[in-house]
Amino acid sequence: MTSLSSPQPIDVLVVGGGNAGFSAATAAKETGARRVVLIEKAPEEWAGGNSYFTAGAFRTVHNGVADLLPLVNNVDPEKAKLIDMEPYTTEDFQKDMHRICSGRSDPALSRILVEDSNAAIKWLAKNGIRFQLSFNRQAYEVNGRFKFWGGMALKTEDGGKGLIADHQATVQQLGIEVYYSTPAKSIVTSSSGTITGIVVAHKGEDTLIQTKSVVLAAGGFEANPRMRAQYLGPGWDLARVRGTPYNTGEVLEIAIRDVGAKQAGHWSGCHSTCWDANAPANSGDREISNEFTKSGYPLGLMLNSNGVRFVDEGIDLRNYTYAKFGRAIHEQPDGVAFQVWDQRTIGWLRDEEYRDERVQKIWGETLEDLAQKLTQQVGLNAPDRFVEAVKEYNDAVYAFQNEQPNKKWDPAIKDGLSTQSSTKKLALAKSNWALPLDQGPFMAVKVCCGVTFTFGGLAINPETTAVTSTSNKEMSNLFCVGEMLGGLFYGNYPGGSGLTSGTVFGRRAGSAAAKVATLKTREDASLPRQTRSARL
Ligand SMILES: Cc1cc2nc3c(=O)[nH]c(=O)nc-3n(C[C@H](O)[C@H](O)[C@H](O)COP(=O)(O)OP(=O)(O)OC[C@H]3O[C@@H](n4cnc5c(N)ncnc54)[C@H](O)[C@@H]3O)c2cc1C
């Protein structure tokens, strides 16, 4: 293998080895780049960035179950007959992006995300990524049928762990070189402003990698407490990191510093979720991974340590609310909350998040008993108010049930079972799935805010992902994808869009970078020998 510091420029250099970077590297090779190198800051035992920690959920436009069955390996013909899955159309995904991101998502970026999503999944499958239908996360079994909900149906086999293992196998097969423990430190340009190389730290030395094009895919700044406090706001340095500790934002800063890259998007915004209060502070756990997520709140209630509800737990289907409820918890006293259920819904909680060995559960025979135990064991400050709040909620549910006795509870749709009737309304509604909490024993778990990834990033040309400069010029051979890309998500996001974005824009970046490299190779070949290196 040629060394990293070879005098001959490589074709495409990808910075960052998560889903976006691996997708870009694969696409570059597929488009004809000869030498593709991927550098990764983390050591190999931390391979895969945040993408490793995911549930592997991909949101994609599809035409219903028949469109997805050829891609998945966990549905036999008998099971297929029991599936209820509405198509998820381009309009559906587009509307979700518009609604969930409050109309702020860059229209060109979100259009491409949506329109390329189906082809991107099929391209991944062709490149060795194993997909499954997400029965455990996105379907409820109702009357013997699997009812898919929330517009999302696909996940990778073995979640993010499987996704990264498959990507690694593919890039190895394609002859793409991957160097771990090799962080990017600066971007080098020619006098005309063209990118000519990246300086990396490699085996203890600063090394210049000369390259014809670069794809930046180095994640956001979610694992950098200083930048979180600086951009997300006071107190965000204390939020817990859900994924890799290596996404510390320096490549964003390097691009802004070295080539005047323009910033875009929601720099004070991030994806953050309900997260186990006993999870580690500064990074995810490679084994437990996404199982620290605690997303069973639509089936129950969430109260803060003063015994006060603070969100409408049933305002929408879980995968449209979970990415913003972390922030809501972060804003509560001590940044914590308690999720509570009774016997009606405990059995519906997902095993991977709520099984006995995964989470500390607090039980009480009565609401008063539960409140006492929460106070003694995990920091509830106002047990009386806690009991009062749940009872007031129950009264509102009873009033609704009296008024609309025929309405049926159904967790797979927005069922309209709420706390708001003509005789009683709560100041803060629970708009769907509102069942009373009156059948003990009751169960609660303590949650905090886990930060997933940051929304602020670099401005790009949506078609090619070429980075834009502060003077609004497009850089011809610098591309940017994944969490580093700004302008796509604002305030919230439709679950499963992060991985899809990484592949949709990663493919475009890899392909554009390969084309630039091929062009440079041709131009270079036509120059007299002595002037070739001077051009780069
Ligand atoms: C617990 C959890 C669950 C999630 N579940 C889902 C899900 O199911 N579906 C979904 O769509 N999204 C999910 N997400 C979000 C998803 O992880 C991201 O949107 C997506 O993986 C980002 O991909 P990426 O390639 O941009 O970043 P990453 O996968 O984080 O890759 C970035 C890489 O860049 C490397 N890097 C950083 N700095 C440098 C440097 N200086 N030089 C070289 N390399 C560098 C990092 O080490 C990292 O490996 C989840 C996230 C978490 C944390």
Side-chain angles (χ1 to χ4, degrees), residues 13-25 38-44 46-60 113 117 134 137-138 152 154-156 159-160 163-164 167 178-187 198-202 215-224 240-255 270-273 275 279 283-286 288-293 295 319 322-323 326 450-455 457 480-485 488-489 493-503 505-506 509:
L13 178 62
V14 178
V15 180
N19 178 59
F22 280 124
S23 296
L38 185 150
I39 55 159
E40 167 54 54
K41 174 184 174 189
E44 191 163 0
W46 278 87
N50 262 355
S51 305
Y52 173 92
F53 288 86
T54 65
F58 277 81
R59 179 172 292 266
T60 171
L113 171 73
S117 62
S134 184
R137 298 176 62 84
Q138 290 302 137
M152 194 168 59
L154 280 180
K155 70 175 182 75
T156 48
L163 171 69
I164 293 305
H167 269 310
V178 180
Y179 295 88
Y180 291 97
S181 301
T182 304
K185 292 183 71 180
S186 61
I187 302 175
I198 298 279
V199 175
V200 300
H202 183 61
V215 179
L216 302 178
F221 58 86
E222 58 273 5
N224 181 331
R240 304 212 181 180
V241 176
R242 297 179 71 211
T244 179
Y246 292 95
N247 283 0
T248 44
E250 70 269 17
V251 181
L252 286 166
E253 295 192 310
I254 288 167
C270 68
H271 179 303
S272 61
T273 69
W275 194 239
S283 89
D285 175 304
R286 298 277 289 181
I288 296 171
S289 188
N290 195 38
E291 292 185 355
F292 279 133
T293 306
S295 51
N319 51 26
Y322 80 108
V451 60
T452 318
F453 69 95
T454 44
F455 290 158
C480 167
V481 291
E483 292 178 2
M484 283 192 72
L485 173 168
L488 192 54
F489 305 122
Y493 112 140
S497 307
L499 289 174
T500 304
S501 158
T503 297
F505 293 104

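The first residue in the sequence is number 1, and the count goes up from there. When reading the values below, keep in mind they use all heavy atoms of this one structure, side chains included, and skip hydrogens, waters and symmetry mates. Order of listing sets the numbers, starting from 1, for every ligand and every atom in it.
Of the inter-residue distances, the one linking T54 atom OG1 with R242 atom CZ reads 10.0 Å to the nearest 0.5 angstrom.
In this structure, F455 and F489 have tilted ring planes: the angle between them lies in the 30° to 60° band.
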Exercise. Take N247 and T244 through the side chain to side chain donor-acceptor pair (under 3.5 Å) test and state the conclusion after the steps.
Key: CA-CA 6 Å; N247 283 0; T244 179; 4.9 Å; no

Quiz item: Checking side chain to side chain contact (heavy atoms under 4.5 Å, CB included) for the pair H167/N19: CA distance, chi angles, key distance, verdict?
Solution: CA-CA 8 Å; H167 269 310; N19 178 59; 2.7 Å; yes

Exercise. Determine, stepwise, if the pair Y179 / H202 fulfils ring pair (Phe, Tyr, Trp, His ring centres under 6.0 Å).
Key: CA-CA 9 Å; Y179 295 88; H202 183 61; 5.6 Å; yes

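For ligand 1, the 4.0 Å heavy-atom shell takes in V15, G16, G17, G18, N19, A20, I39, E40, K41, G48, G49, N50, S51, F53, T54, A55, G56, A57, P183, A184, A217, A218, G219, R242, G243, Y246, N247, E250, V251, N290, T452, F453, G482, E483, Y493, G496, S497, G498, L499, ordered by chain and residue number.
Under the side chain to side chain donor-acceptor pair (under 3.5 Å) criterion, Q138 pairs with R318, N319, sequence neighbours left out.
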